[in-house]
Amino acid sequence: MLDPPTNCYSALFLPGANKLKEHDWIAILDFGSQYSQLIARRIREQHVYSELIRFDTTAEQLAARKPTGIVLSGGPCSVFDEGVPSCDPAIYELGIPILGICYGMQMTAKMLGGTVKPGKEREYGSAQVSIEDADPIFAGLESELDVWMSHGDQVAELPTGFKTMASTGTCPHAAMGNTESQIFGLQFHPEVVHTPKGVEILRHFIFDVCGCAGDWAMAQFIKESIREIKAQVGDSHVVCGLSGGVDSSVVAALLHKAIGDRLHCIFVDNGVLRHEEAEQVEDTFGKAFGMDLHVIDAAQLFLDKLKDVTEPEEKRKIIGNTFIDVFAEEARKLGDVKFLAQGTLYPDVIESFSPIGGPSATIKSHHNVGGLPDDLHFELIEPVRELFKDEVRALGRELGVPDYVIDRQPFPGPGMAVRIVGEVTEDRVTLLQQADLRIQEEMEKLPNYKDVWQSFGVLLPVQTVGVMGDSRTYENVVALRIVESMDGMTADWTRVPYETLATISNRIINEVRGVNRVVYDISSKPPATIEWE
């Protein structure tokens, strides 16, 4: 098997870009599987570009883009459903290697003349397959493999020219293949962690069947992106709303490398940020990078508007609308600026359309500077819209963005306002900032800190009795929220060592005036959410 280089990282480019003419890429026809994004991630982890495209993309359209391989995803439908989605049959005649997964396998079998029937027993969850023909996608693997199944239907009779490659006790064709046409199918999901050898199976398809080189390098992405940015922007100027988070920071660094002082960054201090966040942003991007950075201290304006407001959604609206007003006022001062840069990521793009229901022009509003006044007619520039979060971090490191920015945890747009349950006041913000600072300082000492998705404090709207010295206290409660997650869609509470929890509690109670009790939130998402509001 061809091993990809160990010193490169997958770099991803815009759909249909000229870059794809010179490099391998794998098209993933999306039939609505909950794991479709994960398939893309697994392939990109092998330093090969992959892209989710609509299931009804024609063979002619696909051939024009010259993919090295095609993956047909799973999906929620049955091949027996009325109006069931299916691919263009001509795709199977392109001579491009194909891997069908779950529904993709069943659809392939049916379209090529095989038979699909409801299984006698449904298989959901862990199962074990017996390998009957290892070459090529099971080459070198054990004869029995643990896999993750999720199906009711199954292939009963194979199409002509296909052979059974794996089976289970209830599924006689758990994998099938036609080595001459290079079309394969897996009834199980190799992309999930519950299939331990799934990555090896995908690697066999990517490298041994498709012949991919695995040579996408992040340094090359930067070079090509700079070329595209210059072509799009020309001699114009770009404004970027810099939040201090990973996405906007990396976008700013990439644009600054491409167009220099024609990039203008606006950072709005809304008064509900983390401790000394405005100072860190100014030191990093204004001084170290030398960007044209406009830091707007609007803390008092935001806090005044939040006075007496306790309803979470109202807080979000106030902060969002006020941010737009402040950002727009500063943008007008810049004069003739044509472009607005945004840190739209690939998951945002994917979520903006339904592979079954049809495309949509809308991208989730909380990822964008939406609702700007009509007099600000910006054209969008979204240089990382084909990247996942971890790939943006890799890009940032290549650009020299400091680790404390790259590795920082997700932070809600409304900031501390939705971590303060109840009214937001300057004193309560300061109290939570100080508690949060100590949480971060202690969590960063853990060897697995980077495995933590988020760790933060929540200031509750209750006070409890305590004793400090010889005095009785009646002070605030801080709840610790520390979770692990892959993408924020689901999360589990982190089993933080007792010693660390004890240190965090002691430091907050002893060092942050106004707190006499710390509790730990041990709820998972779902049913709870990560943030409290």
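The shortest side-chain heavy-atom distance between Leu395 and Met218 falls under the 4.5 Å cut-off. Residues Leu254 and Leu399 have side chains in contact (heavy-atom distance under 4.5 Å, counting atoms from C-beta outward). Using a 4.5 Å heavy-atom threshold, the side chains of Lys257 and Ile229 count as separate. Under the 4.5 Å side-chain criterion, counting only non-hydrogen atoms from C-beta, Val401 is not in contact with Val246. Counting heavy atoms from C-beta outward, Trp493 and Ile482 have side chains that stay 4.5 Å or more apart. Annotation: side chain of Lys338 is not in contact with side chain of Phe378 (no heavy-atom distance under 4.5 Å). Counting heavy atoms from C-beta outward, Leu460 and Val458 have side chains that approach closer than 4.5 Å. Using a 4.5 Å heavy-atom cutoff, the side chains of Phe302 and Ile318 are not in contact.
Remark: Arg42 pairs with Glu45 by the salt bridge (charged side-chain N to carboxylate O under 4.0 Å, His left out) rule, at least two apart or across chains. Lys333 pairs by the salt bridge (charged side-chain N to carboxylate O under 4.0 Å, His left out) definition with Glu330, not counting sequence neighbours. By the salt bridge (charged side-chain N to carboxylate O under 4.0 Å, His left out) test, Lys230 is found to be paired with no residue, residues two or more places apart in sequence or in another chain being considered. Scanning for side chain to side chain contact (heavy atoms under 4.5 Å, CB included) contacts around Thr68 gives Asp24, Cys210, Cys212, with sequence neighbours left out. Qualifying salt bridge (charged side-chain N to carboxylate O under 4.0 Å, His left out) partners for Arg397, counting only residues two or more places apart in sequence or in other chains: Asp403, Asp407.
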Donor-acceptor list for residues 521-533 side chains, cut-off 3.5 Å, not counting sequence neighbours:
unit_1 : atom_1 : unit_2 : atom_2 : d
Asp521 : OD1    : Ser523 : N      : 3.0
Asp521 : OD1    : Ser523 : OG     : 2.5
Asp521 : OD2    : Arg481 : NE     : 3.3
Asp521 : OD2    : Trp532 : NE1    : 3.0
Ser524 : OG     : Asp492 : OD1    : 2.5
Lys525 : NZ     : Gly488 : O      : 2.8
Thr529 : OG1    : Glu531 : O      : 2.6
Glu531 : OE1    : Arg419 : NE     : 3.0
Glu531 : OE2    : Arg419 : NE     : 3.4
Glu531 : OE2    : Arg419 : NH2    : 2.8
Glu531 : OE2    : Gln454 : NE2    : 3.4
Glu533 : OE1    : Lys315 : NZ     : 3.0

Table please: side-chain donor-acceptor pairs of residues 265-276 below 3.5 Å, with sequence neighbours left out.
unit_1 : atom_1 : unit_2 : atom_2 : d
Asp269 : OD1    : Gly271 : N      : 3.0
Asn270 : OD1    : Val272 : N      : 3.0

Considering only distance and modelled atom types, tabulate donor-acceptor pairs under 3.5 Å from the side chains of residues 497-509, sequence neighbours left out.
unit_1 : atom_1 : unit_2 : atom_2 : d
Thr503 : OG1    : Glu499 : O      : 2.9
Asn506 : ND2    : Ala502 : O      : 3.3
Arg507 : NE     : Glu511 : OE1    : 3.3
Arg507 : NE     : Glu511 : OE2    : 3.1
Arg507 : NH1    : Glu441 : OE1    : 2.9
Arg507 : NH1    : Glu442 : OE2    : 2.9
Arg507 : NH2    : Glu441 : OE1    : 3.0
Arg507 : NH2    : Glu511 : OE1    : 3.1

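Counting only distance, with no hydrogens or angles, the side chain of Ser36 and the backbone of Asp30 share no donor-acceptor pair below 3.5 Å. Under a 3.5 Å cut-off, the side chain of Arg44 and the backbone N or O of Tyr49 do not form any donor-acceptor pair. Glu484 places no side-chain N or O within donor-acceptor distance of the main-chain N or O of Ala491, the cut-off being under 3.5 Å. With hydrogens and angles ignored, the 3.5 Å screen pairs a side-chain donor or acceptor of Glu311 with a backbone N or O of Glu313. Proximity of a side-chain donor or acceptor of Ser50 to a complementary backbone N or O of Ala40 within less than 3.5 Å is detected. Arg227 places no side-chain N or O within donor-acceptor distance of the main-chain N or O of Lys223, the cut-off being under 3.5 Å.
Counting non-hydrogen atoms of neighbouring residues, nucleotides and ligands closer than 6.0 angstrom, the CG atom of Asp261 reaches no more than 12 such neighbours. In the displayed structure, Arg513 atom CZ is contacted under 6.0 Å by at most 12 heavy atoms of other residues, nucleotides or ligands. Applying the 6.0 Å contact sphere to NZ of Lys389 captures more than 12 heavy atoms from other residues, nucleotides or ligands.
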Steps toward salt bridge (Lys or Arg N to Asp or Glu O under 4.0 Å) verdict (Glu200, Arg203):
CA-CA 5 Å; Glu200 284 88 339; Arg203 282 172 59 86; over 6 Å; no
Worked check of salt bridge (Lys or Arg N to Asp or Glu O under 4.0 Å) between Arg65 and Glu51:
CA-CA 12 Å; Arg65 293 197 46 197; Glu51 181 184 319; 3.1 Å; yes
How far apart are the C-alpha atoms of Thr473 and Val467, what are their side-chain angles, what is the distance that settles it, and do they pass the side chain to side chain contact (heavy atoms under 4.5 Å, CB included) test?
CA-CA 6 Å; Thr473 62; Val467 176; 6.0 Å; no
Criterion side chain to side chain contact (heavy atoms under 4.5 Å, CB included) on Gln409 and Trp453, from CA distance to verdict
CA-CA 6 Å; Gln409 298 170 356; Trp453 177 260; over 6 Å; no
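Taken from CG in Leu459 to CG in Leu432, the straight-line distance is 5.5 Å, to the nearest 0.5 Å. Atom NZ in Lys450 sits 10.5 Å away from atom CD1 in Ile406 (nearest 0.5 Å). Summarising the geometry, atom CD1 belonging to Ile26 is positioned 5.5 Å from atom CZ belonging to Phe205; distances are rounded to the nearest 0.5 Å. To the nearest 0.5 Å, the span separating CD on Glu379 from CD1 on Ile381 amounts to 9.5 Å. Taking CD from Glu444 and OH from Tyr449, the interatomic distance works out to 4.5 Å, rounded to the nearest 0.5 Å. Here the straight-line distance linking atom CG of Leu345 with atom CZ of Arg385 works out to 10.5 Å at 0.5 Å rounding.
Residue pairs meeting the salt bridge (charged side-chain N to carboxylate O under 4.0 Å, His left out) criterion with at least one partner in residues 297-310, sequence neighbours excluded, are absent. Residue pairs that meet the side-chain hydrogen bond (donor to acceptor under 3.5 Å, both in side chains) test with at least one member in residues 420-433, sequence neighbours left out, do not exist here. Within the structure, the side-chain hydrogen bond (donor to acceptor under 3.5 Å, both in side chains) test picks out the following pairs touching residues 234-244 (sequence neighbours left out): His237-His264, Ser243-Ser248. Sorted by first and then second residue, the salt bridge (charged side-chain N to carboxylate O under 4.0 Å, His left out) pairs with a member in residues 281-292 read Asp283-Lys287; sequence neighbours excluded.
Contact between Leu255 and Ala341 at its shortest, heavy atoms only, is CD1-CB, 3.2 Å. Here the closest heavy-atom approach between residue Phe339 and residue Gln232 is recorded as CZ-O, 3.3 Å.
Checked for salt-bridge contact, Arg408 and Glu277 meet the test: a charged N lies under 4.0 Å from a carboxylate O.
Side chains of Tyr35 and Gln37: a donor-acceptor N/O pair is absent below 3.5 angstrom, by distance only. Side-chain contact check for Arg517 and Thr464: at least one donor-acceptor pair (N or O, by modelled atom type) lies under 3.5 Å.
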